[in-house]
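In what follows, a single structure is set out as structure tokens and then discussed.
Below, read A as the first sequence line, B as the second, and so on, with proteins coming before strands; counting in each chain starts at 1. Just so we're clear, the structure is a prediction, and the values are computed from it rather than from any experiment.
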Number of protein chains: 2
Amino acid sequence: MATAKINEFEKEAIYLADIAKALSHPARIQILKILTEMDVCMCGDIVELLPLAQSTVSQHLKELQRVGLIKGDIDGPKVCYCVNPDNLNKAKKEFEIIFNLYTCKGAKSCRTKKK
Amino acid sequence: MATAKINEFEKEAIYLADIAKALSHPARIQILKILTEMDVCMCGDIVELLPLAQSTVSQHLKELQRVGLIKGDIDGPKVCYCVNPDNLNKAKKEFEIIFNLYTCKGAKSCRTKKK
DNA sequence: ATCGTTCATCGTAAATATACGATAGATAAG
DNA sequence: CTTATCTATCGTATATTTACGATGAACGAT
């Protein structure tokens, strides 16, 4: 079976993996950058900056929204997207735990671990 | 086509997305923690700590190796896996760029961006 | 009421990812 | 040499992801 056994893992690992999944496509990384670095928020503007069709960009925006990294503000027929600072910060802190694991534990290496 | 248009994005975004992809499964997050927090390095030991078959764990280890987050040291019939500190640190720094985007730019919000 | 703009969703096709059992390779131990 | 141990790989089944065009829904403007 290819049914991912997602629920049999640790809660924190599931959360981190889910955020990582949202970041696992270059289009979504670039969308995050666009939303913060440029004065742009509309789906149509983002489409012009990426080599993707409008429907595809919409899907990517949906995925970023799913994990809460961005939010959309309906403004008439338009939707203004922006980063959700609280959730971005939460994700940042959780990722730091992973990335700091090694440095915190000191220089364990393959060699020293051998049998 | 579902051929990911991976190469039409920015180099840095491609790199970040690739690392994120390697972290996008809870098993791989837990493997990283196991390799750093516990005195464990062998595939078989990891299998016992996860709800997955040996062949599946081997696949996950391969994916983490592919992006360089871990490395495997062949030791007879065994393989001793460990975190690659240099690459983990590089990934950490690249992710910080993304996660710090918002805070560096100040409190832009959907509201202020409207039209 | 109609038209244009903006975006989400549907349907669909192809690629990738996840998972397992079975098997093969490499080496240490006997 | 044979056996046991450890791991990678193969084959396979299913689920998910990526991508597009077409369509529909929501709203402002005319």
Side-chain angles (χ1 to χ4, degrees), chain A residues 1-9 13-14 17-18 20-31 35 40-48 50-67 70-82 110 113-115, chain B residues 1-9 13-14 17-18 20-31 35 40-48 50-67 70-82 110 113-115:
Chain A
M1 316 150 235
T3 328
K5 297 177 141 190
I6 292 276
N7 291 326
E8 300 179 37
F9 296 95
I14 294 169
D18 204 35
K21 186 155 73 79
L23 298 174
S24 71
H25 194 290
R28 294 196 287 269
I29 297 281
Q30 281 187 227
I31 287 172
L35 289 182
V40 155
C41 71
M42 276 165 40
C43 178
D45 297 332
I46 298 169
V47 170
E48 286 175 21
L50 296 178
L52 296 171
Q54 181 266 324
S55 58
T56 307
V57 171
S58 189
Q59 277 186 337
H60 284 306
L61 287 166
K62 194 181 177 186
E63 173 68 7
L64 286 171
Q65 241 180 332
R66 182 185 66 79
V67 297
I70 67 173
K71 54 186 174 181
D73 232 31
I74 295 172
D75 177 22
K78 309 174 189 175
V79 176
C80 182
Y81 286 99
C82 67
C110 281
K113 269 191 181 177
K114 257 194 191 172
K115 174 80 121 316
Chain B
M1 317 150 235
T3 327
K5 299 176 140 191
I6 292 275
N7 292 325
E8 298 179 38
F9 295 94
I14 294 169
D18 204 34
K21 188 154 72 78
L23 298 175
S24 71
H25 194 291
R28 294 194 288 268
I29 297 282
Q30 284 186 224
I31 287 171
L35 289 181
V40 155
C41 74
M42 277 165 39
C43 177
D45 298 331
I46 297 169
V47 170
E48 287 175 22
L50 296 178
L52 296 171
Q54 181 267 326
S55 58
T56 307
V57 171
S58 188
Q59 276 186 339
H60 285 306
L61 287 166
K62 193 181 178 185
E63 172 68 7
L64 286 170
Q65 239 181 334
R66 183 185 64 81
V67 297
I70 67 173
K71 55 186 172 182
D73 231 31
I74 297 173
D75 177 21
K78 311 171 187 177
V79 176
C80 182
Y81 286 100
C82 66
C110 282
K113 271 190 179 177
K114 256 193 191 171
K115 172 83 118 321

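When each of Ala27(B) and Gly76(B) is assigned the nucleotide of DNA chain C bearing its nearest heavy atom, the one mapping closer to the 5' terminus is Ala27(B). Along DNA chain D, the nucleotide nearest Pro77(A) and the nucleotide nearest Ser55(B) are compared for position; the residue whose nucleotide lies closer to the 5' end is Ser55(B).
Remark: P of dT17(D) and NZ of Lys62(A) are 12 Å apart, rounded to the nearest angstrom. Rounded to a whole Å, the CD atom of Glu8(A) is 15 Å from the P atom of dT18(C). Atom NE2 in His25(A) sits roughly 15 Å away from atom P in dA15(C) (whole-Å rounding). Regarding Ile74(A), its CD1 atom lies at a distance of 16 Å from the P atom of dA25(D), rounded to whole Å. Straight-line distance from the CG atom of Asp75(B) to the C1' atom of dA29(C): 15 Å, rounded to whole Å. dA17(C) atom C1' lies 13 Å from atom CG of Leu52(B), rounded to whole Å. Rounded to whole angstrom, the span from the CE atom of Met42(B) across to the P atom of dA26(C) amounts to 19 Å. At whole-Å resolution of the value, CZ in Arg28(B) and P in dT16(C) are 15 Å apart.
Across all strands, Gln54(A) comes closer than 4.0 Å to base atoms (heavy-atom distances).
Inter-residue side-chain proximity for Ile29(A) and Leu23(A) is flagged as met; some heavy-atom pair is nearer than 4.5 Å.
Phosphate contact (OP1/OP2 of dA17(C), side-chain N/O of Lys21(B), threshold under 4.0 Å): present. Remark: Thr56(A) is not in phosphate contact with dT18(D), judged by side-chain N or O atoms under 4.0 Å from OP1 or OP2. A close approach under 4.0 Å does not occur between any side-chain nitrogen or oxygen of His60(B) and OP1 or OP2 of dA17(C).
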I'd like to know whether Arg66(B) forms a side chain to side chain contact (heavy atoms under 4.5 Å, CB included) with Asp18(B), so could you lay out the CA-CA distance, the side-chain angles of the two residues, the decisive distance to 0.1 Å, and finally the verdict. CA-CA 10 Å; Arg66(B) 183 185 64 81; Asp18(B) 204 34; 3.0 Å; yes
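If you take CD1 on Ile46(A) and CD1 on Ile31(A), they are separated by 5.5 Å, rounding to the nearest 0.5 Å.
The aromatic rings of Phe9(A) and His25(B) stand perpendicular to each other, their planes meeting at an angle above 60°, with 30° marking the opposite boundary.
With hydrogens and angles ignored, the 3.5 Å screen pairs a side-chain donor or acceptor of Arg28(A) with a backbone N or O of Lys21(A).
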